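Taking it in order: structure first as C-alpha cells, then the write-up.
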Amino acid sequence: MISLGGAAPMASDSALVPTPYVVKRFVCENVDTFTLTLAPSSGGDALRFAPGQFNMLYGFPAGDVPISVSGPTWRKDVLIHTIRAVGPVTKTLAQLQRGDSVLLRGPFGVPWPVEQAERHDVLLVAGGIGLAPLRPVLYHVLKHRRRYRSLTVLYGARTPSDILFRQEIAKWQARTDMRFEVTVDRSDADWHGHVGVVTQLLDRIELDPLRTCAMVCGPEVMMHFARLALSQRGVPSSQIYLSMERNMKCGVGSCGHCQLGPFFICKDGPVFEYPRIASVFSVKEL
Amino acid sequence: MTSVQTLTPQMLALPFFAGFGRDDLQVLAKHCRPMSWPAEFEVIREGQVATESFLVLDGRIQVQTNVPGRGEVTLQTLLRGDILGWSWLTPNASYSFSARTIQPTSALGFDGTTLLRECEHHPRMGYLLMRRFALVMSDRLRHTRLQLLDLYAPPRTSGSFQALRKR
Amino acid sequence: MEPAGLAALLSALWAAGYRVIGPTVGDGAIVYGEVRSLSDLPQGLTDQQEAGQYRLVSREDRALFGFHVGPHSLKRLLLPPKERLFATIRKGSALSVVPEPIPTEKIAFLGAKACEIQAMLTQDQVLVGGAHPDVQYLARRNNLLIIGTSCTSAGGTCFCTSMGGSPRVDAGADLALTEVISADAHYFVVETKTALGASLIEPLHLPSASVTEQSAAALRVADAATQMGRHLATDGLKELIARSLESPHWDSVATRCLSCANCTLVCPTCFCSTVEDVTDLAGDHSERWRRWDSCFHDDFSYLHGGSVRQSVRSRYRQWLSHKLSTWIDQFGRSGCVGCGRCITFCPVGIDLTAECATLQARHS
C-alpha cells in the first residue's frame with residue numbers, strides 16, 4: 001500500500017507547477033530551429049540535469065512541450081534548449097526575445113548512460129534535431145575525455161542549411177581526439193561533405209563492436225535502421241541506447257499520454273537500452 | 001593483366017571480397033587494376049558506355065547528376081568499401097549518373113565486359129559475384145528509400161519560424 | 001447497528017466537519033452526491049446490469065445499499081473531471097505562477113463498495129506512489145474518510161472475484177458495514193478498520209453485533225461472491241495479451257467499438273488526463289486546467305504531425321492491454337478490479353471478459 005499521510009503537501013511541491021525563467025539568449029540555428037538560454041527569473045541556480053533529460057517548456061499562453069536540454073551539465077546558471085518550431089507551442093517559443101519569460105518544469109526522464117559508457121568507444125548517432133539531446137553527452141565525454149576510448153559522432157541532417165551548431169561542429173571536426181562526420185540527405189551545389197543517410201556512414205566507419213557504446217537519437221525509422229546496422233556490425237544490443245519520443249504531457253507518468261507498451265516514456269525513458277524496448281519498438285500504432 | 005598479388009590483405013579484408021575462394025580471387029584479380037585519381041576528377045560520366053566497376057579503397061567520390069537550374073546535384077557520396085558503377089551488368093548499358101572525386105581517391109577498377117565473360121566460364125565465381133552485386137544494390141536501394149522518406153522534413157503543418165519573428 | 005445508528009453516524013460526520021458524499025439517485029442511475037440524511041440514499045432500489053444496459057429497479061425490501069456500482073466512482077472525488085492546477089499572470093515581460101491551493105475539505109464517503117476501494121488503491125499507486133506524488137490528489141486522499149459497504153449480491157456484469165477481489169470491504173476503508181435485511185430485521189454489522197474509524201464509532205455506543213448477526217452478514221457476502229455475472233480467466237492473460245498485439249481480433253473489436261471513451265470515463269482506475277490553458281481576452285492571465293482524457297480520443301497520442309494511434313483497433317488494444325497486461329508491468333497489479341462498468345456503459349455492449357475469452361480461444 002502507498003504511504004499516505006505525513007506532512008501536508010505544499011502546492012509549490014507539485015511537479016505540475018512550473019517555475020518562471022527568463023530568456024538570456026536567442027540563437028537561430030537554421031530556418032526552423034533555435035536555441036534558448038534560460039536563467040531562473042528569481043536569480044540563483046538553474047535546475048540541475050543529466051544528459052538526455054528533458055524539461056517541459058511553457059510558451060505563454062500556448063502551453064508546454066517536452067524539450068531536451070542541449071547545453072552542458074556544468075553550467076549552473078542557465079539551461080540551454082534547442083527547439084524546432086513545428087507546433088503551436090514551439091512557434092510561440094520561437095517568438096521570444098531576450099528578456100522575455102517562459103515557464104519551465106523538470107528535469108524529467110532517464111538520462112543517457114554516460115557512466116556505463118566509460119572505458120568504451122563512444123558512438124553518437126544523431127538524425128535531425130536528435131543532435132540536440134546528444135550534445136550534453138558530447139560535452140560530458142570531452143570534459144572527461146580520459147575516461148573514454150574513442151569518440152565518434154555521426155550526424156545526419158536533411159540539407160546543408162539544416163545543419164545545427166555549425167561553428168561548434170567545425171571546432172569538433174578540428175579536434176584530433178574525436179571524429180565528427182556530417183552527412184546530408186539532400187545536397188546543394190556548395191556542399192562537399194557526405195551525401196546519404198546517416199546509417200550509410202554507420203556501415204562504413206571502423207568500429208570495435210564489443211567495446212562500443214552507441215547512443216542513437218532521431219526519428220524512429222532512422223533509429224530502427226541505425227540499430228539494425230549496429231547489430232549487423234556486431235555491437236551487442238545491450239550497448240545500444242535509443243531515445244524514444246511519445247506525447248509527453250505531465251512528465252511524471254501520471255497523465256498516461258506517453259505510454260509505449262509497458263513504458264511511460266517520460267519516466268521510464270526517454271533513453272532506453274535497446275533490449276528493454278525491442279519487443280514493442282516495431283509494433284505499429286502501439 | 002594482374003596476379004592475385006594485386007589484391008593485398010588490406011583489400012581482401014573489405015566486405016566485397018568476403019566469401020570468394022582463392023581460385024575465384026585469382027580470376028577476379030586478372031580483371032582488376034589499381035587506380036588513383038586526384039581531387040575533382042570525373043571518374044565516370046552519365047550516358048557513357050558502361051564497362052567498369054570501381055571498388056573505393058581510399059578517398060571519397062560523389063555520384064552526381066546535372067539538374068538544369070540547380071547544377072550538379074550530389075545524390076550520394078561513396079567511401080572506402082563502396083562500389084561505384086554496376087550498369088555493365090545490364091545489356092548495352094550506359095552509366096546512369098556521373099561520379100567525381102572530392103579528394104584524391106584510390107580504387108580497384110574491374111573490367112565488367114571481360115568479367116562477364118569469365119562469369120560464363122566460372123559459374124561458381126559468377127554466382128558469388130552476382131550475389132555480391134545484389135548486396136551492393138540492395139544496400140544502395142535501402143539507403144535511397146530512407147532518403148526518399150525525408151525523415152527530417154518538418155511536419156506538413158509547420159513553416160518557417162523566422163517569418164513569425166518579423167512581427 | 002440499526003438504521004438509526006447510521007443516521008447518528010451521518011449527523012456526527014457532518015458535525016465533525018465532513019462533507020458526506022455517497023450514493024444518491026439522479027438521472028435514472030445511482031450517482032454520487034451529498035448525503036445529509038438516510039433519505040438521500042437509494043433506499044429500496046437496485047440496478048440491473050448487462051452489456052450495454054443499466055436499469056434502476058425497485059427491490060422487495062428497503063435496503064439502503066442494495067445496489068452494485070453506477071457510472072460514478074471515487075475517482076470523481078480524488079481526481080476530479082476538471083480542476084485548475086495553476087494560474088499564470090503576465091506583467092510586462094515577466095510571468096508569475098500562482099499554484100492552486102491545496103484542497104483542505106474533509107470528505108466522508110459513505111457506501112463505497114469493495115471494488116471501489118480496490119480501484120482507489122490502484123489509482124493511489126499511479127498518482128502518489130512514484131517519485132513525484134500528485135499533491136492535489138494526495139491532499140484529497142488524506143482528507144478522505146471511507147465508510148465501505150460490503151456487497152450482499154453481485155450485479156450482472158460484476159467479476160471482482162476474477163480479479164483477486166471480493167465483495168467484502170477490507171483494507172482501504174476506515175469503517176466497513178454489511179447491511180443485513182430480512183422480513184423482520186434491518187441492521188448493519190460494523191467493523192472498524194482504522195483508528196479514525198474507531199474514533200467515530202465509539203461515541204455512538206453501539207451494541208456489539210451478536211455471533212448470529214455476524215454470521216448472517218458473512219453468509220450474505222459469501223453468497224454474493226458466488227453470484228458474479230461475469231468471469232475473466234486471468235491465468236496467463238497478461239502474457240497472452242502481450243504476445244497478441246498483432247492479433248486480427250483487434251480488427252473485429254474495431255468494427256464494433258465507437259471509440260466513444262465511455263469505458264474510460266466510467267472506469268474507476270482510468271487515470272489519463274490532459275491539460276488546457278485558458279487565457280483571458282487581454283492575454284495577461286491564463287489558467288491551466290487538468291481534465292480527464294481518454295486513450296480513445298484521436299489526439300491522445302499526438303506526436304508532431306499526427307497521432308501514433310490512428311485506428312480504433314490500436315486504441316481499443318491500448319486500453320485493454322494497458323488495463324489487463326502492461327498495468328501489471330508498471331504497477332505489479334492489474335488495472336482492472338472487475339466492477340463491470342465498462343461492459344454496462346458501453347453503448348454497443350462490448351464486454352472485455354468476452355473479448356479476452358475470444359483472444360484466449362484464438363491464441364492459447
Side-chain angles (χ1 to χ4, degrees), chain A residues 26 28 30-34 83-88 90-97 126-131 156-160 162 181 183-206 218-226 228-229 232, chain B residues 10 13-16 39-40 56 58 60-67 69-83 97 99-103 135-136 138-167:
Chain A
F26 187 109
C28 291
N30 63 35
V31 72
D32 63 5
T33 307
F34 56 97
I83 305 161
R84 191 168 184 205
V86 289
T90 46
K91 284 178 182 169
T92 302
L93 294 169
Q95 294 177 66
L96 292 168
Q97 310 279 349
I129 188 74
L131 182 59
R158 190 182 189 214
T159 70
D162 288 307
E181 299 286 350
T183 184
V184 296
D185 278 3
R186 281 142 211 252
S187 72
D188 58 29
D190 301 328
W191 176 251
H192 298 292
H194 296 294
V195 181
V197 290
V198 71
T199 49
Q200 190 181 0
L201 283 184
L202 204 44
D203 291 341
R204 303 288 173 264
I205 56 158
E206 280 177 26
E220 221 161 290
V221 175
M222 169 259 167
M223 291 198 291
H224 170 69
F225 282 95
L228 273 178
Q232 271 163 12
Chain B
Q10 250 197 329
L14 289 170
F16 183 83
E40 297 291 322
V56 182
D58 195 23
R60 193 146 37 122
I61 296 176
Q62 47 194 355
V63 179
Q64 297 179 318
T65 193
N66 190 282
V67 180
R70 282 171 65 189
E72 295 295 330
V73 174
T74 300
L75 300 160
Q76 198 157 35
T77 43
L78 302 177
L79 304 172
R80 174 176 165 78
D82 281 324
I83 283 280
F97 300 105
R100 178 182 292 274
T101 60
I102 299 171
Q103 59 199 59
L135 261 180
V136 170
S138 74
D139 188 63
R140 204 65 63 82
L141 181 60
R142 187 173 70 249
H143 289 138
T144 305
R145 283 176 171 167
L146 279 174
Q147 270 175 301
L148 277 175
L149 274 176
D150 200 9
L151 290 170
Y152 316 127
R156 265 165 293 171
T157 49
S158 100
S160 156
F161 82 91
Q162 284 164 348
L164 292 169
R165 287 184 71 76
K166 292 172 195 147
R167 50 179 170 185

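We use all heavy atoms of the structure for the numbers below, so side chains are in, but hydrogens, waters and symmetry mates are not. Chain letters run A, B, ... following the sequence lines, proteins first and then strands; every chain starts at 1. The model shown is predicted, which means the values in this text are computed figures rather than measured ones.
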**Item:** Best-contacting candidate, A189(A), G156(A), G218(A), against chain B by heavy atom pairs under 4.5 angstrom
**Value:** G156(A)
**Side-chain touch L149(B)/F225(A), heavy atoms, less than 4.5 angstrom** = no
**Request:** Check side-chain hydrogen bond (donor to acceptor under 3.5 Å, both in side chains) between R142(B) and all other residues, then give those that pass, not counting sequence neighbours.
**Result:** D139(B)
**Item:** CD-OG distance between E72(B) and S187(A), expressed to the nearest 0.5 angstrom
**Value:** 10.5 Å
**Prompt:** In terms of heavy-atom proximity below 4.5 Å to chain B, should D203(A) be classed as side chain, backbone, both, or neither?
**Reply:** side chain
**Asked** How close do V195(A) and T77(B) get, heavy atom to heavy atom, and via which atoms?
**Response** N-OG1, 2.7 Å
**Request:** With sequence neighbours left out, write down each residue that passes side-chain hydrogen bond (donor to acceptor under 3.5 Å, both in side chains) with R158(A), or none if nothing qualifies.
**Result:** D150(B)
**Message:** Only pairs of heavy atoms separated by less than 4.5 Å count here; which of G127(A), G196(A), G130(A) has the most with chain B?
**Reply:** G127(A)
**Residue E206(A) excluded, over 12 heavy atoms near CD under 6.0 Å** = no
**Complete:** Bottom line for I102(B): the part with an atom under 4.5 Å from chain A's heavy atoms is side chain
**Prompt:** When rounded to the nearest 0.5 angstrom, what is the spacing between CZ in R186(A) and CG in L75(B)?
**Reply:** 10.5 Å
**Request:** Could you tell me which portion of L201(A) (side chain, backbone, both or neither) has an atom closer than 4.5 angstrom to a non-hydrogen atom of chain B?
**Result:** side chain
**Request:** Give the intermediate values and the outcome of side chain to side chain contact (heavy atoms under 4.5 Å, CB included) for residues L79(B) and Q200(A).
**Result:** CA-CA 10 Å; L79(B) 304 172; Q200(A) 190 181 0; over 6 Å; no
**Asked** Do you know the tightest heavy-atom contact between P219(A) and Y152(B)?
**Response** CD-CE2, 3.5 Å
**Request:** Name the option with the most non-hydrogen atom pairs under 4.5 Å to chain A; the candidates are Q103(B), R60(B), Q62(B).
**Result:** R60(B)
**Message:** As an exercise, state the distance from CG of D185(A) to CG of L146(B), rounded to the nearest 0.5 Å.
**Reply:** 8.0 Å
